[in-house]
Amino acid sequence: MPDQLLAELREALGPKSVSFGGAAQLLYSRDSSVFPGGQPGPVCFPETTEQVVACVQAAVNHNRSFVPRGAGTGLAGGAIPCDDPVMIVTTRMNKILEVDKQKQFAWVEPGVINLDLSRYLLGTGLHFAPDPSSQQSCTIGGNVANNSGGPHCLAYGVTSAHILAVEVVLPDASVAVFGDPEGPAGGYDLRGAFVGGEGTLGVATRVAVRLTPDPPAVRTMLLDYQDVGTAADTVSAIIGAGIVPAAIEMMDQKVIEVVEKFIKVGYPQDAAAVLIVEVDGLIDGVEHEVERITEIALACGTRTVRVAADEEERARIWKGRKNAFGAIAQVKPGYYLHDTVIPRTKLTEVINKVYETAERYDLLVMNVFHAGDGNLHPLLIFDPQEEGIMDRVLAAGEEIVQTSLDAGGVLSGEHGIGLEKRRFMDRLFSENDLDAQAKLRHTFDPDERANPHKVLPGGSSCAEINHMDKPPEGTWV
Amino acid sequence: MNLPLGLDPDELAVCVSCGLCLPHCPTYRVSLDERYSPRGRINLMRAVEEGTLTMDQEWFDSLDTCIQCLGCETACPSGVKYGSLISGTKTAMAQQRTPGHKLRAGLWVLKHPRLLVWGSRAMAVVQRLGLLSRNSSLWPKKIPLRRPKSTATATGEVVLFTGCVMDTWMPEVHRAAEKVLQASGTAVMLSGTATGCCGALHEHAGLTDQAQQRAQRVMDSLPGEHPILVDAAGCGAALKNYGHLLGTEQAQEFAERVFDVQEWLAKHPERLAKIPLKETQRPPVIVQDPCHLRHAQQCHEAVRVVLAPVAELVELDDEGLCCGAGGSFSLVHPELAQGVRERKMEAIARAGNHEVVSANPGCALHLGAAGAKVRHPLELLAEAIVDPQEPGT
Ligand SMILES: Cc1cc2nc3c(=O)[nH]c(=O)nc-3n(C[C@H](O)[C@H](O)[C@H](O)COP(=O)(O)OP(=O)(O)OC[C@H]3O[C@@H](n4cnc5c(N)ncnc54)[C@H](O)[C@@H]3O)c2cc1C
Ligand code: SF4
Ligand code: SF4
């Protein structure tokens, strides 16, 4: 009874907070991922935990599924609706509820934008460490659900290390709090289980995030190379020397070129690759690390080492890096992105294989990634209009994933499994592993009501979405 | 094949739906709904071109509410030309239905300068009788009864573009511009009534034919090679866009000699240095970048160059998010416009609630109606000029 479902939702949330019509259905059918849209049911914009409960309860009453959604910047199709679910959009739950400077945590609503939280904290001497490149747009709820990473997670750890507690509306519409901002309370760590759950275990409605003290000093270095292998060797050498920089990012020549067009950073245009290395800590320690990294880098064959002179230059270097994905569309309108993590020692070997694979399939590949933790983001670039291109892209993508797994890597560093990588799950996990995961999920959600068909492999009414022979124009494919 | 909106498919394809523009869109910031976001609007354009959606009420609503501030274009790393997409879409929209009667009446008046002058005088009287609000986004708190006398000359090195409403409602800004330019050793002449309105609002409303007619008339009335200086960011952006609007070589050449006054001064440091300034520093001022200066003309830094010697400048922390004035937007969508304005007022409060400078009269009126004290940067500069009759300051 769609009319009754709608009426119930409108009654609970108010008519302006529930949309059901062509435009809303279309726009909430997709996220930033490769996939053409699914089919959403009513699109709800709750503003309180009670309203989220009402959305889930309405879904239960009418035997519908539901899908939590933040800003829709996910790259793995996690927020794509399958089977007309109630869409629970958290963007209007965007209040920062409480900041405890002493105990260094904050309670926030899930729709708070990652960068808005950092801006809000400016001047307190504290910040929220996970900084995905999409941080200007993505929500804390999405970060929690995807256990997102970012350049600075090398030293500080990914989202999970920064989530102290979550209030969750469970798939049966009850409300529970996992974890405690004041410290582990004993018992099972359900907070840990929920983080990275990609919306399949319930809806996060309040999140207690750990706040990290701002480092007293930061230095950002730009290293440039005449070949990618030397850059990769430098990464290993730095970390091998026992230094853990706050971030080490790599961009190859093609990426440098497009980024420079968007924002004039002054990246060397003739370099085959650049590394952005950032160190932070006490001022003396930082200066010492800059010296040591410079020595190591030059010994490895780095062409030049540049240290950002001031905050403005540092901001520009990072702005370039953080806009790299988007800027790539200047080359060709479609791209397909992987997110595997490989042992750092295999960096040179795997990167070379990635270039080789792309060449064999006659595709352009660009690399921009978190080199410090071996989290690759090879982007295959192509024009979706080209005849038969999708077969080549998918085959090359699959080969890249296999290369990473063969090197002892894993499927996803930070973007999540979503719809996209479900089909690879059984390559990484044994049947028993997957079974245990399925049991956990069913304990939370016996009816598979929460974000169905995501993460775990299996039959799916979203199969047609997963089939990418003909992507719509302008997708990230 | 004729597509419903007639947009360039290659331009549409550039958007990869990454969502990095979302927080830079004022209407998304307020609504937090994809339907009022750049990514959403682009996908809605696509859907109509592909035939998967029709231009229904909901569709119009999403596109109508776009302020055309171009915040998204500046933010987009893929280089989506949003301005071009939305103006094409607006043209198609205007062909589908006639604009509302209020907007139509307003646009008609703009084309008739005499009527504007007389209408304004009438409004000024009515306002003084207490029958017309002093807190509107659309007209000044005090509509002038008479215009102060211009000091411009019949011939000059540069032309000051005087436009339509501004000349009648905020003539003091033009006088300030004249004073500043003359103090820099630059002889100024005025564009005059034959030139009239720049057509920006017509273009925004999708009335491309009328905008083109306006543009042709403006160009014909201003032959020669003199630089054309503009002190209203909205008009400046429109004049600079004539090349694109008309697609002729004449229009392209014309557009190339259009400058914002501040931009021109910043490009001529030797003239800027000639302006004799008083020693006294005034209280700090907050710089508000009009979208038409920051996102469309991308010369907002010039305001800082020009004002730096005069006052301590305080920046807003909202990365140039639109204030919601946006041409006729505040007239057509008061609710959303108010929400957008509230954000700007909060940013102004965070920056210390000082006096605000804005190089666009639309923004000044819109923010002024919410209680902010807003003036044109050139007014501040003009005030700081040493008065020749007052020696020894
Ligand atoms: C240009 C670009 C750069 C990116 N860079 C990075 C990067 O550096 N590192 C990185 O890790 N990721 C990156 N991403 C991916 C993406 O931004 C992150 O995964 C982000 O955390 C998603 O947040 P969101 O609010 O957009 O979530 P959405 O896309 O809306 O949702 C993502 C998933 O979270 C679930 N979800 C959302 N909110 C809730 C909630 N309140 N409760 C339960 N489940 C919820 C959804 O169901 C879905 O499964 C990038 C994406 C883009 C487009
Ligand atoms: S307009 Fe640009 S920034 Fe916005 S979604 Fe499209 S590509 Fe991304
Ligand atoms: S022009 Fe302004 S209002 Fe319109 S979509 Fe872009 S940012 Fe939003």
Open item on the list: Which one wins on heavy-atom pair count under 4.5 Å against chain A: Ser62(B), Gly40(B), Ser37(B), Gly79(B)?
Closed with: Gly40(B)
TODO: Check whether more than 12 heavy atoms from other residues, nucleotides or ligands sit under 6.0 Å from atom NZ of Lys264(A), and answer yes or no.
DONE: yes
TODO: Indicate yes or no: at least one non-hydrogen side-chain atom of Leu26(A) is less than 4.5 angstrom from one of Trp59(B).
DONE: no
Task: Segment of Leu20(B) engaging chain A (4.5 angstrom heavy-atom cut-off) - done: both
Task: Pairwise distance CD1(Ile42(B)) to CG(Leu27(A)) - rounded to 0.5 angstrom - done: 11.0 Å
Task: Interchain contact, Glu319(B) with chain A, by part (heavy-atom threshold 4.5 Å) - done: side chain
- [ ] Determine, stepwise, if the pair Glu34(B) / Arg30(A) fulfils salt bridge (Lys or Arg N to Asp or Glu O under 4.0 Å).
- [x] CA-CA 11 Å; Glu34(B) 287 275 348; Arg30(A) 288 186 51 189; over 6 Å; no
TODO: Give, for atom OG1 of Thr74(B) and atom CZ of Phe262(A), the distance between the pair rounded to the nearest 0.5 Å.
DONE: 8.5 Å
Task: Main-chain N/O of Ser31(B) paired with Arg92(A) side-chain donor or acceptor, under 3.5 Å - done: yes
Open item on the list: Looking at every heavy atom in both Thr73(A) and Cys18(B), which two are closest together, and how far apart are they?
Closed with: CG2-O, 3.9 Å
Task: Backbone N/O of Leu32(B) and side chain of Thr91(A): donor-acceptor pair under 3.5 Å - done: yes
TODO: Could you tell me which portion of Arg29(B) (side chain, backbone, both or neither) has an atom closer than 4.5 angstrom to a non-hydrogen atom of chain A?
DONE: side chain
TODO: Look at Cys76(B), Pro23(B), Ala47(B) and state which one has the largest set of heavy-atom pairs under 4.5 Å with chain A.
DONE: Pro23(B)
TODO: May I ask you to decide if Gly22(A)'s main-chain N or O and Glu58(B)'s side chain share a donor-acceptor pair within less than 3.5 Å?
DONE: yes
Task: Per-residue contact mode, Asp56(B) against chain A (heavy atom under 4.5 angstrom) - done: neither
Open item on the list: Between Ser78(B) and Ala327(A) (side chain of the first, backbone of the second, donor and acceptor by atom type, cut-off under 3.5 Å), is there such a pair?
Closed with: no
TODO: Decide whether Arg35(B) and Ser19(A) meet the rule of one side-chain donor and one side-chain acceptor closer than 3.5 Å.
DONE: yes
TODO: Go through Val43(A), Val331(A), Leu122(A), Asp116(A) and name the one with the most non-hydrogen pairs under 4.5 angstrom from chain B.
DONE: Asp116(A)
Task: Lys261(A) versus chain B, the contacting section by heavy-atom distance below 4.5 Å - done: neither
Task: OH (Tyr120(A)) with more than 12 external heavy atoms under 6.0 Å - done: no
